[in-house]
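Written below as structure tokens is the structure these notes are about.
Residue numbering restarts at 1 for every chain, and letters A, B, ... go by the order of the sequence lines. Since this is a predicted model, take the numbers as computed values, not measurements.
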Amino acid sequence: MASVIGQFLRRSSTLVRISCTVQARVASGLPHIQQYSSSSSSSTEEESMTSPEGGARMSKSMLAYQQRAEAHDKFMADQIAEYEIGRRHLANIMGEDPETFTQEDIDAAIQYLLPSGLFELTARPAMKHPSDVFIKKKAAEFDISGRPFHTFFYTGYPAYYQALHDLGKTMISLDQFANRMAHLKVENESQAFNCGGSEWVSKAELSNKFLEELHDKHYIFFIQSMNRLIEHPYSSRAQDFIMRFRKVVITTQNKEEIPKLMYTAEGIPYMTGSGKRKHTEATVTVYGRGSGKIEINGQDMRFFKVIQDREQVVFPLQFTNLLGKVDLVANVTGAGLSSSAGAIRLATALALRSFVDEHMREKMRLAGLLSKDFRVKERKKPGQKGARAKFTWKKR
Amino acid sequence: MAPSARRAVLLLRGLAGRHGGCGAALGQRCVSAEAAQAPPPRPRAPRTSLTSPVEHTAEQRGLWYTLQPGVVQRLFSQGGVPKQFLTQCQTFAETCLMVRQPSLTLMDFIRRSDLSLPPNKFLLYGRNGCGKTLSLTGSSSTSPGPRSGGGTSRRWLPSATIEGQYDHPLDAVLWLQHFKTQNAELLKTLQLVTQERYIWSRREVTEPDTPLGELVELGIGRARYSTDCVLALTSELKRHATEGRCKVAVVVDGINTFYSPVSRYRCEDRTLLDPKYFTLFQSFMQLFKSDWKNGIVVGSIDSLANEGWRRDSHLPRYLLRQQGWEALDPFIPIPIEDYDDLEMRSAIDYYLDRHWLQNPQAGSDIGRRELAALSAHNPYLLMQVCRPL
């Protein structure tokens, strides 16, 4: 970076004269040298300045670049120092050990101290490491003389093509290994890379990784090439390389623990479940070894006059084929018969999880029995008659 | 949860509600794996050939018996039987009832009643839809006596003969017509005659020793005097029964109607009428007293026969109120419960036999359990649930 350049300048004793025309790229903010003419004789277009150290002479643009880089470094260092101090303060506030206060702890503490009900999660208060907050920039791509460090600099996407180059080399080495194995007549079971549990990074993530703005065609070609690598029979040997470009997929289903059945004094198994729907809450106890009795707030099924509500209560039992084999005792509070029925249905289904096996639980989940119905009445908006209904529109 | 996932995919309702008669093809797709079996063979309704409830014993419990044609005709012509039941009988092309424990108990009690003592009063009570009215229908189909309905009155008039009381001409006429349908032959056979002189007006007089049939005809013909005719008739019957010339069975559906403190009617000064001034009521209520013999009283205590605010409980003391309780006490209460497992099975078998349940899974084990759960084992609710299936 700029510090490297600075060191280089200080160490080198030769005066480097650069006469070149510089056309700054406004977008990147980095000087992009398009034309290099090395002539020791002074030219009319010479723009040179002495460096602040009074050592090597470099162009204005290079100097500006160096200053910018240094400023950015300093800025980031300051931000990181502030962040660290803030992290320690936060740990003290929460009564935790500042040494072992991780980013997850920070997130939890912020959520506790500054609770927010905003629907847009990125708008909520957060305290992240500055490197996650501020956009990363590429390090210096060329030295003081304008010679690029990376061989592929002039492709415009050096990191991308480097990755492809590495891919090619990996493929060749895998082929060589395969040939050796075949030559030695070693019969191996397939050592192909296991794609399960991970997926390719997206185009945006790949661009961030390389810090280069890739086009769609770049991304597609890259993924196609990587897929060919994965298809190689010995691709597991290149696991590290492949996993650089794959992300582990977090399973959406959290393995929540299904509570175990409890037993009454007489030895009858039972389980309680609670469910909510709109503003109604229901607590249901399901007793095993039953005869199909259903009790709701002390009454039988006639508590619900409408057949739809009765069907809702019966549905989890019928689905798991436990209708007539278990007894149900439900207590429901809150107004609304239809929402009571929905709350009882959810509570019953959650209680029945303890009575059924894994396969049936999965089926219940797919049937939507275990999901809370989060629909509530939408608020009325000002200037409208209701939540969605507008006032009568008058043309004039 | 998406609305589509929330819609109950039940075996029975989820199909018929939307696609009517094409449930069979869709049914196989919609059901859960456990229940998607081949439809069970259609069962035959468990029937008994004994058509008279008098002959039924505990062995016939849960079986269906067909009512005799004469009885059927009587049922259809008189009131007091639920209209829905009559419609169902027409659909099924037969009139069948299930033998249930309360009817067996009632028949047994009637058989063992000592008719030389004041009449036993058997009152059926139970929750709505358990079968009080139909039990009465079944038992009264054999009884030769008059049957009165505790129906709603529509028109009322101040009494023609008794001051301060009120008549119900149209209802009295209807009742007399029903009485005639049921009992005309019996009256002729028994040759019951009036024992008093009844003066209706200056020119209309009924002399003693007039056949009761003529009294009935008079009441039917002259609506003005029909209520008083009913009063006369019931008094005469009471007397004849006490003297041993006939046996009288009084069957009342909704006996608690007689003892409500208010009726629907308002006087000119907008106060609600007290039913104790209704002559028609009085003529029947005198039959509930214990001052005659050779008779029985069978009634049902129905919460629907009370006003809307007095229906919280189905128990006799609550529904009869103090007045009714004192008037009817002592009586023998016969509780009527919801269907038990045997009866539920029998009822569903009957519906399947009559091709009423079209869904292929209705007769399956899971289908039956579902019907039982949705109807809370109640006969009336079962009928309602099975209607669209």
All heavy atoms of A:Met301 vs all of B:Ala376, minimum pair found to be CB-CB, 3.7 Å
A:Leu322 and B:Arg369: which non-hydrogen atoms are nearest, and at how many Å? C-NH1, 4.4 Å
Give a yes or no on whether [X] atom [atom1] has more than 12 heavy-atom contacts from other residues, nucleotides or ligands under 6.0 Å away.
X	atom1	answer
A:Phe391	CZ	yes
A:Lys385	NZ	no
B:Glu59	CD	no
A:Gln111	CD	no
A:Lys276	NZ	no
A:Lys260	NZ	no

Whatever's closer than 4.5 Å to a heavy atom in chain A on B:Asn128 counts as backbone
Would you say A:Leu323 and B:Arg368 make side-chain contact, with heavy atoms under 4.5 Å? no
Flag side-chain contact, heavy atom, 4.5 Å: B:Arg127 against A:Arg302: yes
Distance in Å, [X] [atom1] paired with [Y] [atom2], rounded so as to fall on 0.5 Å steps:
X	Y	atom1	atom2	answer
A:Ile307	B:Gln384	CD1	CD	8.0 Å
B:Leu381	A:Asp300	CG	CG	8.5 Å
B:Glu370	A:Arg310	CD	CZ	13.0 Å

